[in-house]
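Since the structure comes first, as structure tokens, the remarks are kept for the end.
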Amino acid sequence: MCGIVGYIGSRSAKEIVLNGLKRLEYRGYDSAGIAISNGKTEVFKCKGRVKDLEELVIRSGVDGTTGIGHTRWATHGEPSETNAHPQVSYKGNFVVVHNGIIENYSQIKRHLETRGIHFNSQTDTEVVAHLIEHLYLEGSLTPEQAITTALENVEGAYGLVIICTSEQDRLYAAKKGSPLVIGVGDGENFIASDATPIIEYTNRVIYMKDDDIAVIKRNELSLKTIRKQVVQPEVQELDLKIGEIDKEGFPHFMLKEIYEQPRAIHDTMRGRILPDNAGIMLGGLHGVIDRMVNAHRFIIVACGTSWHAGLLGEYIFEEFTRVPVEVEYASEFRYRNPLLGKDDIVIAISQSGETADTLAAVKLAKEKGALVFGICNVVGSNIPRETDAGVYTHAGPEIGVASTKAFTTQVTVLAMIAFELGYRKGVIEPEKYRNLIRELAAVPSLVRRALETNDQVLKVAEAIRNTSNALYLGRGFLFPVALEGALKLKEISYIHAEGYPAAEMKHGPIALIDENMPVVVVATKDGTYDKIISNIQEIKARKGKIIAIVSEGDGQISKMADYVIEVPETLPVFSGILAVIPLQLLSYHVAVMRGCDVDQPRNLAKSVTVE
């Protein structure tokens, strides 16, 4: 959830760590800090953004060739200089940055307080720093032994990078449930929460695994498990370009990523649709296809936008495989005792592959004997390693906190899986199968046309920019899109918005409708079109302001709505991918007009690696 960067080499650690923190600020941005070693270790921290920290460090004139930094999304303790990382141990021997949550920190803290150790912050990270120091001093252990012993006594998730001030020729790192990536350079090494700060310097990386502890020096590194077993590092080459993590002329990452969707969807399908649209080939299905074809039930677990993609996936799977599907919030699924067995398939969806609740749901499903299938974007992340099989979306980096291309590429993958399973089960006839694939292959070009609605969307955004509430309605395949559109608006513009099935409006939300309530109706052509017209009439009767997303050439709803945005016509199964585009643009433009921080909305972070 927070961002970590570490460097050891011969270059300016200040420059590399600060630049890296800027790239990671989407992971957390309420406070920041850096520790720089050059004979001695100096720590700088502040409440606020990385730019505030940068000014502080530049004024100091301090630099060195070893450093660690952190940008925080607060969990334990409010955003403040005291609670910012790095946290320093009580005698100053260890400087620690940390992602994740130490669940038994309060017990450890009470134990250390009985030993006369004083705490300055409210963080669980300071507890780890003091515990390492206590073991180091009282147990006469080496720094590495003290770190290992401390980790044997903590419960929870962590990504830790540590400087021992008496050993400035190395960094220590440890991972459990929170991602860390080592960048391998020539006479220098890097470490970070993800690859975005590293790719500028090297494309050779090592993805640390749970329970790994690394000792990182300028010219060498070693890995062991917490049980002291030597691990042979697996160096991989990143398929990532620096341009993918820059704005490339766009004012915000979110807008860039909205406009990247034609390319992202194409890349998701690339190499997976056979020539002449003759079939679908998903390598991730190899080895599990028989179990998936014969599954009695699919259970989709996800959070946030991925949950909305899963909900649309439920409609697609049930339509084309005729197998029942349940969609669960991973955060709820993990804390109950779900009925699962070997005939069930659990599909876990996560953009980052690190979502804590989804990862915990994966582990629970595996314990109960279900086959677990992952849909993720980030190669080398935890969920792909924990699942039995899976498919990467290949959407490219998503830096904006509010997901956009994650949704459309996840739905694309779900559709491909459903079509292939339905075809193999005999639910989809060969001619229909080929037609679905042909229409799917056309989706990127249709999304490109949907993006041409931007000027129309700007006018709608101007009309609703000052509203306090909004209602989003849809039916069938478009109901999850209504939910996603409402989520986007509330996430980045801070306007309260709710999504509902259109037919449910009369069971409560209709009480809210008056001339001040904008109602976004997602109503492209499908089997529920006539029904949603009735819902629109109910809104009109109460003077609600109607914003309609319709298919090109619509002749009925266009006459009833106050604002109309047309998207290309397609098969109903793909309508959600097109209809969500103007909703993403709408939330973006409203947020910009309201002066909101689009890429880093308040209280949110990109990769939710804590509960």
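Source: prediction; values computed, not measured.
Atom CD of E332 has 12 or fewer neighbouring heavy atoms from other residues, nucleotides or ligands inside a 6.0 Å radius. Environment of NZ in K209: sparse, with no more than 12 heavy atoms of neighbouring residues, nucleotides or ligands closer than 6.0 Å.
Between K405 and E260, at least one side-chain nitrogen of the basic residue sits less than 4.0 Å from a carboxylate oxygen of the acidic one, meeting the salt-bridge criterion. The existence of a salt bridge linking R449 and E452 is excluded, since no basic side-chain nitrogen approaches an acidic carboxylate oxygen closer than 4.0 Å. Between E484 and K488, at least one side-chain nitrogen of the basic residue sits less than 4.0 Å from a carboxylate oxygen of the acidic one, meeting the salt-bridge criterion. D210 and K176 are not joined by a salt bridge, as no carboxylate oxygen comes within less than 4.0 angstrom of a charged side-chain nitrogen. Between E420 and K425 there is no salt bridge, since none of the side-chain N atoms of the basic residue sits less than 4.0 Å from a carboxylate O of the acidic one.
Residue F407 holds its CZ atom at 10.5 Å from CG of L487, rounded to the nearest 0.5 Å. Taken from OG1 in T71 to NZ in K22, the straight-line distance is 12.0 Å, to the nearest 0.5 Å. Here the NE2-CD distance, from H252 to Q600, works out to 9.5 Å after rounding to the nearest 0.5 Å. Separating the OH atom in Y207 from the CZ atom in R385 is a distance of 9.0 Å, to the nearest 0.5 Å. Between the NE2 atom in H98 and the CG atom in L160 there is a gap of 5.0 Å [rounded to 0.5 Å]. Rounded to the nearest 0.5 Å, atoms OG1 (T570) and CG (L446) are 5.5 Å apart.
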ask   = Could you go step by step and tell me if E248 and K256 meet the salt bridge (Lys or Arg N to Asp or Glu O under 4.0 Å) rule?
value = CA-CA 8 Å; E248 295 187 308; K256 177 195 174 192; 3.6 Å; yes
message = Please evaluate residues C596 and Y494 with respect to the criterion side-chain contact (heavy atoms from CB on, under 4.5 Å), reporting the C-alpha separation (whole Å), side-chain torsions for both, the decisive distance (0.1 Å), and the verdict.
response = CA-CA 8 Å; C596 301; Y494 317 140; 3.8 Å; yes
task = Verify side-chain contact (heavy atoms from CB on, under 4.5 Å) between I299 and V325, making sure each step is shown before the conclusion.
result = CA-CA 6 Å; I299 299 154; V325 179; over 6 Å; no
key: S575 vs L478, side-chain contact (heavy atoms from CB on, under 4.5 Å): CA-CA, chis, key distance, verdict   = CA-CA 7 Å; S575 59; L478 301 173; 3.4 Å; yes
Test log, rule side-chain contact (heavy atoms from CB on, under 4.5 Å), inputs E257 and Q584 = CA-CA 10 Å; E257 288 155 13; Q584 294 171 347; over 6 Å; no
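If you check the side chains of E398 and S403, you find a donor sitting under 3.5 Å from an acceptor. No side-chain donor-acceptor contact under 3.5 Å links T355 and D357.
No side-chain heavy atom of V427 sits less than 4.5 Å from a side-chain heavy atom of T321. In this structure, Y259 and L451 have side chains that are in contact, with non-hydrogen atoms separated by less than 4.5 Å. Side-chain contact check for P601 versus V598: every heavy-atom pair is 4.5 Å or farther apart. Between L483 and L311, the closest side-chain pair of non-hydrogen atoms falls below 4.5 Å. Put simply, the side chain of D211 does not reach to within 4.5 Å of the side chain of K175, judged on heavy atoms. Two residues are said to be in side-chain contact when any heavy atoms from C-beta on lie closer than 4.5 Å; V5 and F190 fail this criterion. Between I547 and I464 there is a side-chain heavy-atom pair separated by less than 4.5 Å. No side-chain heavy atom of E354 sits less than 4.5 Å from a side-chain heavy atom of I383.
Side-chain atoms of T453 come within 3.5 Å of backbone atoms of A450 as a donor-acceptor pair (strictly under, hydrogens ignored). Side chain of S306 to main chain of A302: no donor-acceptor pair is present (N/O by atom type, distance under 3.5 Å, no hydrogens or angles). For S178 (side chain) and A157 (main-chain N/O), no donor-acceptor pair under 3.5 Å exists by modelled atom type. Under the 3.5 Å distance criterion, the side-chain polar atoms of T409 are left unmatched by any main-chain donor or acceptor of A264. A donor-acceptor distance shorter than 3.5 angstrom exists from the side chain of D388 to the backbone of V372, with no hydrogens or angles considered. Under a 3.5 Å cut-off, the side chain of N377 and the backbone N or O of S350 do not form any donor-acceptor pair. R465 places a side-chain N or O within donor-acceptor distance of the main-chain N or O of M593, the cut-off being under 3.5 Å.
For residues 316-329, every residue pair satisfying the salt bridge (Lys or Arg N to Asp or Glu O under 4.0 Å) rule, not counting sequence neighbours, is listed here: R297-E326, E328-R336.
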List the atom pairs, donor and acceptor, that lie under 3.5 Å between side-chain atoms in residues 270-284 and the rest of the protein, sequence neighbours left out.
| from | atom 1 | to | atom 2 | distance (Å) |
| --- | --- | --- | --- | --- |
| R270 | NE | D267 | OD1 | 3.2 |
| R270 | NH2 | D267 | OD1 | 3.3 |
| R272 | NH1 | T268 | O | 2.9 |
| R272 | NH1 | Y392 | O | 2.8 |
| R272 | NH2 | Y392 | O | 2.9 |
| R272 | NH2 | H394 | NE2 | 3.4 |

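Between L21 and G3 the shortest heavy-atom distance is CD2-O, 4.1 Å. For the residue pair G185 and N189, the shortest heavy atom distance occurs at N-OD1, 3.4 Å. Counting all heavy atoms, side chain and backbone alike, L436 lies closest to F320 at CD1-CE2, 3.7 Å. Residue G485 comes nearest to L583 through the heavy atom pair CA-CD1, 3.9 Å, listed as atom of the first residue, atom of the second, then distance. Of all non-hydrogen atoms in G313 and I300, the two that sit nearest each other are C-CD1, 4.4 Å.
In summary, the aromatic rings of Y433 and F419 are positioned with their centroids too far apart to meet the 6.0 Å limit.
Applying side-chain contact (heavy atoms from CB on, under 4.5 Å) to V460 and the options V564, I565, V590 leaves one that passes, I565.
F317 pairs by the ring-ring contact (aromatic ring centres under 6.0 Å, His included) definition with F298, not counting sequence neighbours.
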